[in-house]
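These numbers come from a predicted model, not from an experiment.
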Amino acid sequence: MQEEIMGLSSASTTASATPEGLQLCIFDLRRGQNEGQELDKILFFFPADLPFSAQFSVIGLSEGLITFTRIFSPEAACEAIEAERHSHVFYEAEPDIWMVMVVEKSKEFEAIWRSDALRKVLKEVHYLFVMFHGSIRALLDKDPGGGLTRSHLYYFIMDYLGAFQKRSPFDGCCWDFLVGKKLLLPSFRDCLKERGTVQMLTVGREAAIEVQSLVRVLESCAGNIPCHSLILFQDLLVSTTLSPDDTVNLFAYAVLRLTPRALSSGVSSWSYLRKGATSHVSSSSILAGPGGVPEQFQGSDVNSPAGDYNYRVIRPLQQNKWSKGKDGFLVTDIWGAEASNLISATPTVLLHQTQERMYLCAHQHKSLTLIFLIPVSSVLIGDQGVSAVKQQVLENVSLKLLKVEEKLSKGWVGENAYHVSGYRYLLVDGDRNVSRASPAGKVTTLTKDSLLSLSKLREEVDLEKSRAQSDDAGHEKELEVSIRAKNNAWVIARVTRGKELYMVLEKANETLLYASEAVEKFSNRYCNGAFSLN
């Protein structure tokens, strides 16, 4: 449910009185119900040094908006509120556990964004958190005081934002979302990208056969133990045996921390950060003392943003913590070490579909990254059993890896592989969580007017899809919109049968017929006619 309240000053009583342009908070509606215990409901707040009175004001307003909108839409959770000076983006991550982002509107930084794009940032944070640490509610049940949960959330989200990263000696900026004291958010310049999807590599028949053979051999290395695999070339998915949701989560982590690009020091693995396609939001006092916790909050008090300072917290999103070993396997000490031999412990993840905890192993050869998952419950001797499977992989899979990498490299034409001359496009398959788009370098050739027009069109499409789902959850909205922008470019959106196509044609003819024919040609040639009108 999305609402526009132009007369509401929203968080202006707090946000405009401080230099921060963004607040990000997580709170539990089941906690802090009694007077004097209100602080207990706050599980995370960014920036952490904002006065508690201001934090209460943001969370109190958020609670009020959630309660108010439920009067009109009991079944559909509040998703976004557009106020005069702020955008409020809501995501109910788990029952009664809400993530809220409040962003100040500022013409200075061209802060024009889609609410759905910001909401997908919140969703990605939660999905990745659960993949490593389990649900927030489970952590709260394990430690009702909340210190364990606050510790995990604080370090995880701050690592996600990049707040603990050192500055690059070469370009003077930080990686990930944070650059100095500027927080980078998806903006209108990212309207031809789709978070929460995977980008796949198109392979020929011979290469596909080799990949299938590689997957079969890999599965045989585990013997009778059921395992799953994910194979990437560069930052593109080649093969997966996981469910769509688990594929998206593991793919996001791989591109963020495991692929060759991610392992290269100082290179951002967020595709939308390349070519400067970002929106800057001011924030201050983000970086803290040596421990990462602002000095005024250090300790084990519930008021600390990191909860109990004595908790041991695994931080899977730390930068520069993965490296490639001599045998090709990726290693990290993030998960600690075995007490018996001081060898780094094997990372684990939780699958969304089966709720099964899995050992995560990654092997890399040149541009090819192979990830395989082994059920923790099936390995009786822990890391020793995982090491035995790794040895089988080295003995049986190495030659296959060489052959697959060679075939994929020969067919790879570089970052412009999916460029279509004359078109700037985004193709999304919502059923499979797959997207394909024009290369970032080509998108930067579009004018600001074109990008703004497409971003506004996508916002309208998001609203129509949300309304359609509220009216009839089983009915998929079908749309066809073509708009002539101020700069005479054609901005086009087509939605049909779970698939979406967004396109900008800056050098198109004056007529709508010409633009429609251009879309038809693209659909027939690259989308199997999915968006053709005939």
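Using a cutoff of 4.0 Å between basic side-chain nitrogens and carboxylate oxygens, R119 and E124 are not scored as salt-bridged. Between D28 and K41 there is no salt bridge, since no side-chain N of the basic residue sits under 4.0 Å from a carboxylate O of the acidic one. Using a 4.0 Å cut-off between charged nitrogen and carboxylate oxygen, E415 and R261 count as a salt-bridge pair. A salt bridge links E194 to R458: one of the charged nitrogens lies within less than 4.0 Å of a carboxylate oxygen. No salt bridge links R195 with D116; every basic N to acidic carboxylate O contact stays at or beyond 4.0 Å. Under 4.0 Å is where a charged nitrogen must lie from a carboxylate oxygen, and between E92 and R70 at least one such pair does.
Here the two rings, on F132 and Y253, have centers that are under 6.0 Å apart. Residues H152 and F156 keep their aromatic ring centres 6.0 Å or farther apart.
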Practice prompt. Would you check, one step at a time, whether the test side chain to side chain donor-acceptor pair (under 3.5 Å) holds for S435 with Q199?
Written response: CA-CA 5 Å; S435 69; Q199 293 74 55; 3.0 Å; yes
Discussion item. For E94 and H126: C-alpha separation, side-chain torsions, deciding distance, then whether side chain to side chain donor-acceptor pair (under 3.5 Å) applies.
Written reply: CA-CA 9 Å; E94 299 172 26; H126 180 252; 2.8 Å; yes
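When only modelled atom types and interatomic distance are considered, E82 and S115 share a side-chain donor-acceptor pair under 3.5 Å. Using modelled atom types, one finds no donor on one side chain facing an acceptor on the other under 3.5 Å when comparing T369 with T259.
Using a distance-only test at 3.5 Å, with no hydrogens or angles considered, no donor-acceptor pair links the side chain of S87 to the main chain of A83. For the pair S57 (side chain) and S53 (backbone), a donor-acceptor distance under 3.5 Å is absent. A side-chain donor-acceptor contact under 3.5 Å links D190 to the backbone of S187. At least one donor-acceptor pair under 3.5 Å links the side chain of R137 to the backbone N or O of P95. The backbone N or O of G60 sits nowhere less than 3.5 Å from a side-chain atom of E38 that would complete a donor-acceptor pair. Judged by distance alone, the side chain of D383 and the main-chain N or O of T346 form a donor-acceptor pair under 3.5 Å. Looking at R436, its side chain never comes within 3.5 Å of a backbone N or O of L427 through a donor-acceptor pair. Listed for the N433 side chain is no donor-acceptor partner under 3.5 Å among the backbone atoms of V198. Checked by atom type and distance alone, the side chain of H86 never pairs as donor or acceptor with a backbone atom of E104 at under 3.5 Å. S466 places no side-chain N or O within 3.5 Å of a backbone atom of D462 that could act as its donor or acceptor partner.
M101 contributes atom CE, which lies 5.5 Å from atom CG of L118 (distance to the nearest 0.5 angstrom). Here M200 contributes atom CE and S239 contributes atom OG; the two are 7.5 Å apart, rounded to the nearest 0.5 Å.
Residues that satisfy the salt bridge (charged side-chain N to carboxylate O under 4.0 Å, His left out) test with R357, not counting sequence neighbours, are absent from this structure. With sequence neighbours excluded, no residue satisfies salt bridge (charged side-chain N to carboxylate O under 4.0 Å, His left out) with D327. For K324, the salt bridge (charged side-chain N to carboxylate O under 4.0 Å, His left out) criterion is met by no residue, not counting sequence neighbours.
Residues V89 and L122 approach most closely at O-CD1, 3.9 Å, considering heavy atoms. Here the closest heavy-atom approach between residue V389 and residue A222 is recorded as CG1-CA, 4.5 Å. The two residues N249 and Y127 come nearest to each other via the heavy atoms OD1-CB, 3.5 Å.
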